[in-house]
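Working notes, structure below.
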Amino acid sequence: MKTIIKISFLCICFLLSKCSVSTKYTYESTYAEFKELSSKRDSELTTEQLKMKSELMSFVFSTIAVKDNKFVNLSKPKDFEAKVFSRFYYDILEQSIDDFNKSSNFSNLDSIFKEIITTNTYSIDLETDSK
């Protein structure tokens, strides 16, 4: 009897944790989290934030590709949820790719992207700050 209760309790906890992952985020909270992760230096992030940033960037770079010198997103919202990220990261990624593709004029985007992937840097500063 104790085993059945323990298993039931674990199942309920698992289901509740899955529900909270999909309901605790809004687009606004996800975007705020993204801005914090991307705008701060790694040394300013907590260990948990640094781990999340690394996992998120690794996942994102594994789900995008370059086709006809434009970025394309190969993922779906459910792919982000399966990795326990907010599904709204998909929307942010889609918008970022769309904005980048509209404004970029790189003739060698494929080679730039390959360099990022092979060096595992997962970041590149394609914009310049005019301060």
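Just so it is clear, the model here is predicted, and its values are computed rather than measured.
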Is a donor from one side chain sitting under 3.5 angstrom from an acceptor on the other, for Gln95 and Asp99? yes

Nearest 0.5 Å, please: how far is [atom2] in [Y] from [atom1] in [X]?
X	Y	atom1	atom2	answer
Lys70	Asp98	NZ	CG	9.5 Å
Asn69	Asn105	CG	CG	9.5 Å
Leu45	Ser54	CG	OG	11.0 Å
Met52	Thr46	CE	OG1	10.5 Å
Phe34	Leu93	CZ	CG	8.5 Å
Ser86	Tyr31	OG	OH	14.0 Å

Quick check: Phe71 with Phe113 (ring centres under 6.0 Å apart)? yes

Sub-6.0 Å ring centroid separation between Phe59 and Phe80: yes

Joint cluster assignment, Val72 & Ile112, ILVMFWY side-chain distance < 4.5 Å: no

Tell me, with the steps shown, if Asp110 and Lys67 meet salt bridge (Lys or Arg N to Asp or Glu O under 4.0 Å). CA-CA 8 Å; Asp110 191 42; Lys67 183 177 180 180; over 6 Å; no

If the test is side chain to side chain contact (heavy atoms under 4.5 Å, CB included), which one of Asn73, Asp79, Val60 qualifies with Tyr90? Asn73

Could you point out which residue of Tyr25, Phe85, Phe88 forms a side chain to side chain contact (heavy atoms under 4.5 Å, CB included) with Glu33? Tyr25

How about CD on Glu48, more than 12 heavy atoms from neighbouring residues, nucleotides or ligands closer than 6.0 Å, or not? no

Under the criterion side chain to side chain contact (heavy atoms under 4.5 Å, CB included), I'd like the reasoning laid out for Glu36 against Gln49: C-alpha separation, chi angles, the key distance, then a yes or no. CA-CA 9 Å; Glu36 183 174 16; Gln49 288 174 318; 3.2 Å; yes

What pair of heavy atoms forms the shortest contact from Lys40 to Lys53, and how long is it? O-NZ, 3.9 Å

